[in-house]
Amino acid sequence: MPYTQTQQVLSLRSSTAAQTVVDKKLCIEIGSHFYTYTISDQSGTQIIDMGCFETGKLVSTADLSSLFEIDAINSTSFVDVVLVHNCHEMVLVPSSVYQPEVNASIIQTIHGDLENWKVMEDDVHQWELYNVYGWRPELINIVAERFPQVRHVQFVTGVLRSLFKSLSIEKEQLIKLYFYQKEMMVVILKDSQLQIAQSFQFETPQDVIYHLLNLVDRLKLDLATVIMEVSGLVDVNSETWKELNKFFIDVQLDEFSTVAVDTSAEESMPAHYYTPFLISPRCV
């Protein structure tokens with residue numbers, strides 16, 4: 001069952017980085033039912049402070065107002081502020097057919113026209129794609145009022161930029177899984193070509209396997225050779241992890257070796273829990 005009130009599900013603090021980093025960057029990531037903040041150095045490799053909050057409902061302006069009152073944000077000056085869109089309202093469009101004048105129509109056609117979306121796009125030139133996405137205007141406005149210098153990016157844009165850097169590693173078939181509460185983002189590469197980047201909701205471990213096996217069948221992947229890299233809010237002792245290893249041969253935890261995570265911190269969780277939330281600070 002989803003939370004009925006906002007709860008913090010993940011946090012990380014490094015007193016060492018807080019003392020040594022001068023120019024600080026703030027990334028605020030908004031999902032359908034969660035929001036996250038990460039304070040880091042400009043490269044995103046030294047993490048000073050981060051927190052992930054599950055709302056159990058659509059993220060509201062009240063949630064963001066509360067976020068801005070957190071002392072680590074309220075008392076800090078940032079040289080860079082990035083707002084990261086991690087909701088369902090996104091579409092990847094090949095550069096060869098991209099026409100900016102139809103961006104709004106694309107979002108409304110695929111994701112509905114009940115919202116007056118603020119439509120933006122990222123040029124993901126490494127993959128010859130544009131990532132078109134729609135913001136709820138009230139969320140954009142409240143962040144812009146607090147941080148006029150804010151930049152915008154979509155989560156999948158950061159994922160694809162990160163993946164492009166690793167294409168030199170031989171992985172003919174790759175499934176990247178990013179787990180959140182009751183939702184997972186799936187990104188699949190085959191022969192170094194992007195096949196899909198999509199979010200799926202789930203209630204049970206069986207739901208997870210159903211979605212994945214359906215994608216394996218549709219995309220003609222080989223269960224014997226496909227590599228699966230898993231990160232986010234999944235416990236290695238959970239039924240979900242056991243089910244993944246039952247159906248897939250090569251299942252690995254996805255951790256950032258180049259990100260300085262203070263694993264001695266009292267609130268620290270396994271390193272793979274943080275991976276989805278550290279992509280944007282590193283890649284935007």
Nearest non-hydrogen partners of Val284 and Cys27, listed with the distance:
CG2-SG, 4.4 Å
Do NZ/NE/NH1/NH2 and the carboxylate oxygens of Lys57 and Asp63 come within less than 4.0 Å?
yes
If you take all heavy atoms of Ser238 and Asp235, which pair is closest and at what distance?
OG-O, 2.6 Å
Counterpart residues, ring pair (Phe, Tyr, Trp, His ring centres under 6.0 Å), relative to Phe200 (two or more places apart)
His211
Going hydrophobic residue to hydrophobic residue with side-chain gaps under 4.5 angstrom, can you get from Val186 over to Leu129?
no
Intermediate values then yes/no, side chain to side chain contact (heavy atoms under 4.5 Å, CB included), Leu244 and Leu212
CA-CA 9 Å; Leu244 290 175; Leu212 292 174; 3.5 Å; yes
Could you list the residues that satisfy ring pair (Phe, Tyr, Trp, His ring centres under 6.0 Å) with Tyr130, not counting sequence neighbours?
Tyr98
Any link between Met120 and Val124 through a network of hydrophobic side chains (Ile, Leu, Val, Met, Phe, Trp, Tyr) touching at under 4.5 Å?
yes
Start with the C-alpha distance between Phe147 and Phe68, add both sets of side-chain angles, then the distance that settles ring pair (Phe, Tyr, Trp, His ring centres under 6.0 Å), and finish with yes or no.
CA-CA 10 Å; Phe147 301 105; Phe68 298 155; 5.6 Å; yes
Taking Thr55 for the side chain and His33 for the main chain, is one N or O donor matched with an acceptor at less than 3.5 Å?
yes
Sidechain-backbone polar pair: Gln195 side chain, Gln193 backbone, donor-acceptor under 3.5 Å:
yes
If you group Ile, Leu, Val, Met, Phe, Trp and Tyr whenever their side-chain heavy atoms sit less than 4.5 Å apart, what else falls in with Ile249?
none
Count I, L, V, M, F, W, Y as connected when their side-chain heavy atoms are under 4.5 Å apart, and connections chain through other members. Are Met228 and Val234 then in the same cluster?
yes
Mind running side chain to side chain contact (heavy atoms under 4.5 Å, CB included) on Ile30 and Leu64 for me, showing each step along the way?
CA-CA 9 Å; Ile30 299 179; Leu64 296 182; 3.9 Å; yes
Answer yes or no: is there a side-chain heavy-atom contact under 4.5 Å between Leu213 and Phe247?
yes
If only atom types and distance count, is the side chain of Trp135 paired as donor or acceptor with the main-chain N or O of Asn141 below 3.5 Å?
no
Begin with the C-alpha distance, continue with both residues' side-chain angles, and end with the deciding distance and a verdict on side chain to side chain contact (heavy atoms under 4.5 Å, CB included) for Gln46 and Ser40.
CA-CA 5 Å; Gln46 293 189 67; Ser40 68; 5.8 Å; no
Tyr133 side chain reached by Val91 side chain, heavy atoms, under 4.5 Å:
no
Joint hydrophobic cluster, Ile70 plus Val21, side-chain heavy atoms closer than 4.5 Å
yes
Applying side chain to side chain donor-acceptor pair (under 3.5 Å), run through Asp250 and Gln252 and close with a yes or a no.
CA-CA 6 Å; Asp250 192 347; Gln252 308 171 7; 3.0 Å; yes
In Å, rounded to the nearest 0.5 Å, how long is the span from CD1 of Ile188 to CG of Leu177?
8.0 Å
Under a single-linkage definition using a 4.5 Å side-chain heavy-atom cutoff for Ile, Leu, Val, Met, Phe, Trp and Tyr, are Val150 and Tyr37 assigned to the same hydrophobic cluster?
yes
Kindly indicate whether the side chain of Val81, heavy atoms from C-beta on, has any atom under 4.5 Å from the side chain of Arg146.
no
Out of the candidates Phe34, Tyr180, Phe277, Tyr35, only one should pair with Phe53 under the ring pair (Phe, Tyr, Trp, His ring centres under 6.0 Å) rule; please name it.
Tyr35
Please check: side-chain N/O of His111 versus main-chain N/O of His88, any donor-acceptor pairing under 3.5 Å?
yes
Under 3.5 Å, side chain of Tyr274 to main-chain N/O of Ser11, donor-acceptor pair present?
yes
Walk me through it: do Leu215 and Gln198 pass the test side chain to side chain contact (heavy atoms under 4.5 Å, CB included)?
CA-CA 11 Å; Leu215 291 172; Gln198 185 175 338; 5.7 Å; no
Asn116, CG atom: more than 12 neighbouring heavy atoms under 6.0 Å:
no
Supply the atom-to-atom distance Leu253 CG to Glu255 CD, rounded to the nearest 0.5 angstrom.
6.0 Å
Side-chain contact test, heavy atoms from C-beta onward, threshold under 4.5 Å: evaluate it for Phe248 versus Ile175 and give yes or no.
yes
To the nearest 0.5 Å, tell me how far Ile196 CD1 sits from Leu189 CG.
12.0 Å
Cys52 and Thr36: which non-hydrogen atoms are nearest, and at how many Å?
SG-OG1, 3.4 Å
Examine distances only and state if a side-chain atom of Lys25 and a backbone atom of Pro281 form a donor-acceptor pair shorter than 3.5 Å.
yes
CD on Glu145 to OG on Ser65, rounded to 0.5 Å:
9.0 Å
For residues 153-162, which side-chain N or O atoms pair as donor and acceptor with protein atoms under 3.5 Å away, sequence neighbours left out?
from, atom 1, to, atom 2, distance (Å)
Gln154, OE1, Asn131, ND2, 3.2
Gln154, OE1, Val156, N, 2.7
Gln154, NE2, His85, O, 3.1
Gln154, NE2, His85, ND1, 3.0
Thr157, OG1, Asp122, OD2, 2.7
Thr157, OG1, Asn131, ND2, 3.0
Arg161, NH1, Cys283, O, 3.4

Tell me, do Leu163 and Leu194 make a side-chain contact under 4.5 Å, heavy atoms counted?
no
Quick check: do Val216 and Val226 have side-chain heavy atoms less than 4.5 Å from each other?
no
Would you say Lys190's side chain and Lys220's backbone share a donor-acceptor pair under 3.5 angstrom?
yes
Looking at Asp254 and Ser231, would you say the former's side chain and the latter's main chain have a donor-acceptor pair under 3.5 Å?
no
Strictly distance-based, threshold 3.5 Å: is any side-chain N or O of Arg13 a donor or acceptor partner for the main-chain N or O of Ala18?
no
CD1/Ile106 to CE/Met90 distance, rounded to the nearest 0.5 angstrom?
12.0 Å
Could you list the residues that satisfy side-chain hydrogen bond (donor to acceptor under 3.5 Å, both in side chains) with Glu239, not counting sequence neighbours?
none
Any donor-acceptor pair under 3.5 Å from Ser95 side chain to Glu128 backbone
yes
Which residues pass the salt bridge (charged side-chain N to carboxylate O under 4.0 Å, His left out) test with Lys246, not counting sequence neighbours?
Glu243
Student check: side-chain heavy atoms of Leu139 and Thr61 closer than 4.5 Å
yes
Heavy-atom closest contact (Glu29 atom, Pro276 atom, distance)
OE1-O, 4.2 Å
Would you compute the distance between atom CG of Leu58 and atom OG of Ser60 and round it to the nearest 0.5 angstrom?
9.0 Å
Report the C-alpha separation of Gln173 and Thr225 in whole Å, then their side-chain angles, then the decisive distance to 0.1 Å, and conclude whether the side chain to side chain donor-acceptor pair (under 3.5 Å) test is met.
CA-CA 7 Å; Gln173 299 181 73; Thr225 60; 3.1 Å; yes
